[in-house]
Structure formats: structure tokens, C-alpha cells
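What follows is a single structure, written as C-alpha cells, with notes after it.
Each chain gets a letter, A, B and so on, in the order its sequence line appears, and its residues count up from 1. Owing to the predicted nature of the structure, the values given are computational and were not obtained by experimental measurement.
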There are 2 protein chains.
Amino acid sequence: MKKDSPDTRAYHHGDLRRALIESALSIVTQEQDWSFSLRELARRAGVSHAAPHSHFAEKRDLLIAVADVGFARLRDRMLEAVSRLKRADKALTAAAQAYIAFATENPALYRLMFGPALADGAATRTAASGIGAETKAVLEDLVLRGAQSGVFTPKPDDAAALGVATLSCWSTVHGLANLIIDSKVDPALPDHQLVDGVMQLFLDGIRTRRPAS
Amino acid sequence: MKKDSPDTRAYHHGDLRRALIESALSIVTQEQDWSFSLRELARRAGVSHAAPHSHFAEKRDLLIAVADVGFARLRDRMLEAVSRLKRADKALTAAAQAYIAFATENPALYRLMFGPALADGAATRTAASGIGAETKAVLEDLVLRGAQSGVFTPKPDDAAALGVATLSCWSTVHGLANLIIDSKVDPALPDHQLVDGVMQLFLDGIRTRRPAS
DNA sequence: ACCTGAACACCGTTCAAGT
DNA sequence: ACCTGAACACCGTTCAAGT
């Protein structure tokens with residue numbers, strides 16, 4: 001970052017791999033365009049169009065690298081939103097708000113993360129290894145906390161029930177994010193209100209009787 | 001369909017528009033590949049590569065036409081699953097099962113329907129007019145029925161509460177479909193079981209006290 | 001009205017060759 | 001090890017010209 005003066009392009013550029021990822025990220029977050037080409041990235045980096053292939057065997061590999069950064073940012077954002085909240089139900093709602101805010105502020109990146117980055121077009125189901133696992137882990141942890149503190153109905157040692165609750169929460173939030181991004185939701189209603197309503201309904205399904213004060 | 005014998009290709013093909021859509025549908029449903037090109041469709045139809053553009057100004061217009069068929073099929077499948085069930089909660093679960101079955105059996109078509117068909121890459125939010133409205137309508141109707149029959153908590157005239165419930169249901173089902181397709185869910189668990197668990201949780205949030213017999 | 005053929009400005013990927 | 005230049009086999013879209 002601070003090695004060379006801005007215009008001193010090394011013959012071999014020095015750090016092309018990172019430059020390509022950052023370039024892709026800036027296109028996707030600033031121009032909201034996830035349909036960039038490897039050749040354009042190469043152009044911006046000032047290298048030949050074939051250069052990227054010495055760092056990424058396929059375009060998908062570059063997309064995966066970009067998606068990874070996206071997932072890290074999403075996780076950080078959720079964790080930050082959650083950090084000051086003790087009650088698991090409040091924290092879960094806050095995490096959902098952060099999740100939807102991330103998606104609506106960076107729809108192109110969000111689409112890239114869950115979109116064709118790994119689904120190669122011909123594959124029936126994505127061979128998604130651990131992509132997105134960080135996101136799930138955050139929700140999983142909150143659900144477990146809620147179970148342990150008695151705020152949620154599943155018993156802390158009932159793995160199946162905890163799994164269903166986590167999956168249910170993630171599905172709801174993920175689905176809502178997609179519907180909002182795809183303009184399937186009345187745009188008159190502010191996002192945070194939608195999230196509040198939907199999360200309240202979700203929490204009603206797993207919260208123990210005592211109505212939250 | 002029955003006008004010409006199979007190989008009598010008219011000079012102007014007769015019905016290229018439909019042929020292109022059907023060709024695209026068969027590629028997408030049989031080969032599970034939604035990354036086809038207009039030129040390939042033209043090849044299969046035995047016309048020049050420029051011919052499609054006399055029926056579809058942009059490739060996206062063809063994709064929209066394909067997506068429309070997909071949404072009609074999804075709606076039909078949901079309606080059929082629901083047709084014999086009277087209780088709104090049972091019907092909603094059946095609709096969800098049909099929804100997820102459709103998505104997992106036709107992941108490529110499902111991705112095309114909700115994917116970049118309308119999201120043109122540069123647009124922040126899709127200018128999705130009524131695409132997918134049929135799907136929402138089915139769920140909306142079931143939620144309303146449940147409210148009217150007293151199975152669900154929202155009052156039948158509380159539009160806001162009904163809207164939240166519908167959105168919540170669609171989000172959950174849509175999100176679950178995406179997570180399954182994208183292999184973000186433990187593949188050891190059968191889909192119908194996942195749907196059952198998730199829907200049960202959802203219903204717990206809006207069902208009136210009386211535990212379903 | 002519907003289609004063809006050629007053309008334009010792009011792609012991703014490969015591969016010998018350079019440094 | 002990293003990159004270039006040329007090449008290959010594609011794209012979507014446009015547009016004059018044909019029938």
C-alpha cells in the first residue's frame with residue numbers, strides 16, 4: 001500500500017493478486033456492477049489481459065476471493081451490531097438489521113456472494129465448501145445463547161432444534177434480503193421496519209412465553 | 001405444434017419466438033444450465049444468430065419470458081399442492097414443500113427466475129415489475145384464509161399484519177430454497193424435513209394458541 | 001414482417017516466448 | 001515466478017440487404 005509512489009508500476013507490478021481483488025471490490029461496491037470482466041480488471045491494473053490467469057486459474061476463483069472478503073465484511077458488521085446487546089432476541093434482531101443493511105447497501109456484492117460465484121452455470125448444486133460459514137456461525141451462536149439463557153424454547157443440548165432455529169432464522173433474513181434487493185417488496189416501507197416486523201414474527205415462534213418487556 | 005412435420009423448416013421458421021423460449025426452457029430444465037447464449041438458441045432453431053433479435057430486443061427480454069413460464073409453473077405446483085387442504089396452516093406448509101421441491105428440482109430455472117434475469121448487472125435494484133407476483137399472491141391468499149378462519153393471529157382486516165406475515169413466509173421459504181440450492185445446508189437432511197421444521201417454527205409464530213391436533 | 005450475412009467490439013482461456 | 005502477445009473459439013448487438 002505504501003511501498004511505491006502511486007505511478008511507479010513495477011515490471012511485474014509487485015502485488016497483482018491483491019490489486020485485482022481490490023479493483024473488483026471497488027467496481028462492485030462503488031459502481032454496483034458485478035458483471036465486470038477479467039480483461040477490464042487487467043486494464044485497470046495496467047497489465048496484459050492474460051496476466052490475471054497467473055494468479056487465478058479461472059474467473060470463478062477471483063470471484064470466490066471477492067466473495068470471501070464480502071462474507072468477512074458481513075460477519076464483522078453483524079458482530080459489531082450485536083456486540084453491545086446482551087439479550088439474545090434483541091441481538092438476533094440487530095444482527096438481522098445489519099444483515100439486511102449490508103445487502104441493500106451493497107446489492108451487487110451481495111448478489112455476487114450468493115450468486116453465480118460458485119454456481120458455475122452447469123452445476124446442479126453449488127460445490128460451496130465453507131463459503132458463508134462465518135455468517136451462519138454468527139446466527140448459530142446467538143441462537144445457542146438464547147437457548148442457554150432461557151429466552152428461546154429449544155433446549156441448549158437439543159442440536160436438532162437449535163439447527164432448525166438457526167436455519168429458520170438465516171432463511172428468513174436471507175430471503176428477505178433477496179426479496180428486497182429484487183424489488184419484490186413494497187418499496188414504500190422502510191427496510192428496518194420490514195426487518196422488525198419479520199423478526200418479531202420469527203421470535204414469536206421460538207421465544208419462551210414471557211413477553212419481552 | 002402440429003402444423004408442419006418435424007423437419008419441415010419454413011424459410012421463416014413460422015414460430016421462432018416460441019421455439020426460442022422452449023429451447024431455452026429445455027436447456028435450463030434438462031441440462032440445468034442457465035448460461036446459454038442467444039447464438040446457441042439460434043443454432044438449435046436452425047436460424048441465423050441474428051434472428052432472435054427480431055423477437056427479443058435484448059437477451060434479457062428472452063430471459064424474462066423464460067422466467068415468466070417458470071413462475072407460472074411454480075404457481076401451478078403450489079396451487080395443486082394446496083388444492084385438497086382446508087386448514088390454512090397445513091396448506092401453507094404444503095405450499096412451502098411444493099415451492100422448495102420446485103426449486104431443488106429445477107435449480108437452474110429457479111436461479112434464472114430470481115437471478116440476473118432482471119438484475120442487469122449495473123442496476124442497483126431490479127426494476128422488477130410484476131415478476132413473481134403470482135407466487136406472492138398464493139401465499140398472501142393462504143395467510144388471509146388463515147386469518148379469516150381464526151387459525152392465524154392477525155385480524156383479517158389488519159392489512160399491515162397480514163402483509164408482514166406474508167412477507168415473512170415468503171422470505172423464509174425463498175431463503176431456504178436459496179440456501180439449499182447453494183449447498184449452505186447440511187445435505188444429509190432430506191429437504192422435506194427441513195421444510196417441515198422451518199415451517200413449524202414459522203407457524204408457531206402466527207398460529208393461535210390451540211395446538212394443532 | 002421476418003430473417004440473413006457481415007461487421008463491430010468485446011469476452012475467457014491457452015500457450016509459446018520473454019524477463 | 002510472473003508476465004506478454006498472439007491466437008482460438010466464442011459472445012451480444014447492429015445494420016444493410018434480401019425474401
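Taking atom CG of residue B:Leu62 and atom P of nucleotide D:dC11, one finds them 14 Å apart after rounding to whole Å. Counting to the nearest Å, the C1' atom of C:dC10 and the CG atom of A:Leu38 are 14 Å from each other. The distance from atom CZ of B:Arg39 to atom P of C:dT4 is 13 Å, rounded to the nearest whole Å. For the pair A:Leu41 CG and C:dG12 C1', the computed distance is 13 Å after rounding to whole Å. The interatomic distance linking B:Glu58 (CD) with D:dC11 (P) rounds to 18 Å, in whole Å. Distance B:His53 NE2 to D:dC11 C1': 11 Å, rounded to the nearest Å. Counting to the nearest Å, the P atom of C:dC3 and the CZ atom of B:Arg17 are 12 Å from each other. The nearest whole Å value for the distance from the CG atom in A:Asp61 to the C1' atom in C:dT13 is 13 Å.
Closest to the side chain of A:Leu16, from the set D:dA7, D:dC3, D:dT14, is D:dC3. Across D:dA7, D:dT4, C:dT4, the shortest atom-to-atom separation from the side chain of A:His49 is found for D:dA7. Nearest nucleotide to the A:Ala50 side chain, out of D:dC11, C:dC15, C:dG12: C:dC15.
Of the residues near DNA chain D, B:Phe36 and A:Ala51, the one whose nearest nucleotide (by heavy atom distance) lies more toward the 5' end is A:Ala51.
Pairing analysis of DNA chain C (Watson-Crick: purine N1 to pyrimidine N3 plus N6-O4 or O6-N4; G-U wobble: N1-O2 and O6-N3; both under 3.5 Å) yields stems of 3 or more pairs at C:4-8 with D:12-16, C:12-16 with D:4-8.
No side-chain N or O of A:Ser171 forms a donor-acceptor pair with one of B:Thr172 less than 3.5 Å apart.
At least one side-chain nitrogen or oxygen of A:Arg43 sits closer than 4.0 Å to the OP1 or OP2 atom of C:dC11. Side-chain nitrogen and oxygen atoms of A:Ser54 include none within less than 4.0 Å of the OP1 or OP2 phosphate oxygen of D:dC2. Taking only side-chain nitrogens and oxygens, A:Ser48 never comes nearer than 4.0 Å to OP1 or OP2 of D:dC3.
Between D:dA9 and C:dA9, the two P atoms lie 22 Å apart (nearest whole Å).
Between B:Gln32 atom CD and B:Thr29 atom OG1 the span is 7.0 Å, to the nearest 0.5 Å. To the nearest 0.5 angstrom, B:Arg75 atom CZ is 13.0 Å from B:Leu139 atom CG.
Of all heavy-atom pairs spanning B:Leu203 and B:Asp89, the tightest one is CD1-O, 3.8 Å.
Ring geometry for A:Phe114 versus A:Trp170: interplanar angle over 60°, hence perpendicular rather than tilted (30 to 60°).
In this structure, A:Glu105 does not pair ionically with A:Arg73, as no charged nitrogen and carboxylate oxygen lie closer than 4.0 Å.
Listed for the B:Asp182 side chain is no donor-acceptor partner under 3.5 Å among the backbone atoms of B:Lys184.
Counting any heavy atom pair closer than 4.0 Å across all strands shown, A:His55 reaches sugar-phosphate atoms only and no base atom.
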